[in-house]
Novice: 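Below is the structure I would like to discuss, written out as structure tokens.
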Amino acid sequence: MAVEIHETPESKYVDVAVTGKLTKEDYERFLPALESEIQQHGNVRILFTMHDFHGWTASAMWEDTKFAWHHFSDIERLAIVGETRWEQGMAVFCKPFTAAKIKYFDHAKIEEARKWLAAD
């Protein structure tokens with residue numbers, strides 16, 4: 001599994017790119033960076049990009065649920081960028097776990113996702 005986080009110090013925008021299958025250890029590595037962004041900026045906007053993504057282990061799903069519960073209203077917008085039909089369904093699945101505006105984009109429309117995140 002690979003998780004990359006690109007933070008933009010001057011803004012409240014975080015780019016999270018994942019491949020493979022997320023594990024609890026992945027969350028232990030990248031959640032502190034997200035928490036730091038939230039502490040620094042208050043509400044954040046996240047671009048969550050998936051490539052060759054295979055979901056979560058049960059323990060990773062639990063970490064994700066705890067994070068979502070704790071930060072229910074700290075994420076303003078969540079752009080989910082993926083390659084497959086089930087990834088598109090994640091935009092609907094995530095809605096009860098966050099107050100964020102959530103929108104799915106196909107990989108070919110990643111620039112559109114970035115513009116949507118930046119819009120007021």
Novice: Find out whether Thr49 and Glu4 are in side-chain contact, i.e. whether some heavy atom of one side chain is under 4.5 Å from a heavy atom of the other.
Specialist: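 Result no, sub-4.5 Å side-chain heavy-atom pair not found.
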Novice: From Asp64 CG over to Leu22 CG, what is the distance, rounded to the nearest 0.5 angstrom?
Specialist: 8.0 Å
Novice: With rounding to the nearest 0.5 angstrom, report the CD to CG distance, Glu37 to Asp74.
Specialist: 12.5 Å
Novice: Could you give the distance from NZ (Lys24) to CH2 (Trp62), rounded to the nearest 0.5 Å?
Specialist: 11.0 Å
Novice: Minimum heavy-atom separation for Lys21 and Asp26, please, with both atom names.
Specialist: O-OD2, 3.7 Å
Novice: Under 3.5 Å, side chain of His71 to main-chain N/O of Lys66, donor-acceptor pair present?
Specialist: no
Novice: Would you check if Val14 and Leu34 make a side-chain contact, meaning some heavy-atom pair closer than 4.5 Å?
Specialist: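 Yes - at least one pair of side-chain heavy atoms lies under 4.5 Å apart.
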Novice: Just say parallel, tilted or perpendicular for the rings of Phe105 and Trp116, cut-offs at 30° and 60°.
Specialist: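 Because their plane-to-plane angle lies in the 30° to 60° range, the rings of Phe105 and Trp116 count as tilted.
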Novice: Donor-acceptor pair, distance only, cut-off 3.5 Å: does the side chain of Tyr104 make one with the backbone of Gly82?
Specialist: yes
Novice: Write down the atom of His107, the atom of Glu83, and the distance for their closest heavy-atom approach.
Specialist: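 In this case the closest contact between His107 and Glu83 is CD2-CG, 2.9 Å.
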Novice: Does Val16 reach the side chain of Leu47, with side-chain heavy atoms less than 4.5 Å apart?
Specialist: no
Novice: Hey, is the main chain of Met61 close enough, under 3.5 Å, to the side chain of Thr65 for a donor-acceptor pair?
Specialist: yes
Novice: Could you check whether Asp106 pairs with Lys109 (Lys NZ or Arg NE/NH1/NH2 to Asp/Glu carboxylate O, under 4.0 Å)?
Specialist: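 Salt bridge flag = no for Lys109 with Asp106.
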Novice: Are any side-chain N or O atoms of Arg77 and backbone N or O atoms of Lys101, one a donor and one an acceptor, separated by less than 3.5 Å?
Specialist: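 No, because the side chain of Arg77 does not come within donor-acceptor range (under 3.5 Å) of the backbone of Lys101.
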Novice: Pair Arg114, Tyr13 - check side-chain contact (heavy atoms from CB on, under 4.5 Å), show working.
Specialist: CA-CA 10 Å; Arg114 287 188 174 108; Tyr13 175 87; 3.5 Å; yes
Novice: Please tell me if the side chains of Ile75 and Asn43 come closer than 4.5 Å, counting only heavy atoms from C-beta onward.
Specialist: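 Result no, sub-4.5 Å side-chain heavy-atom pair not found.
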Novice: Determine the minimum heavy-atom distance between Ala118 and Arg45, stating which atoms define it.
Specialist: C-NH1, 3.8 Å
Novice: Under the criterion side-chain contact (heavy atoms from CB on, under 4.5 Å), I'd like the reasoning laid out for Lys12 against Gln40: C-alpha separation, chi angles, the key distance, then a yes or no.
Specialist: CA-CA 8 Å; Lys12 55 185 178 178; Gln40 182 177 355; over 6 Å; no
Novice: Which heavy atom of Thr23 sits nearest to which heavy atom of Ala60, and what is that distance?
Specialist: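 Of all heavy-atom pairs spanning Thr23 and Ala60, the closest is C-CB, 3.4 Å.
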Novice: Kindly indicate whether the side chain of Trp56, heavy atoms from C-beta on, has any atom under 4.5 Å from the side chain of Tyr27.
Specialist: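 Counting from C-beta outward, Trp56 and Tyr27 do come under 4.5 Å.
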Novice: Tell me, do Phe48 and Val81 make a side-chain contact under 4.5 Å, heavy atoms counted?
Specialist: no
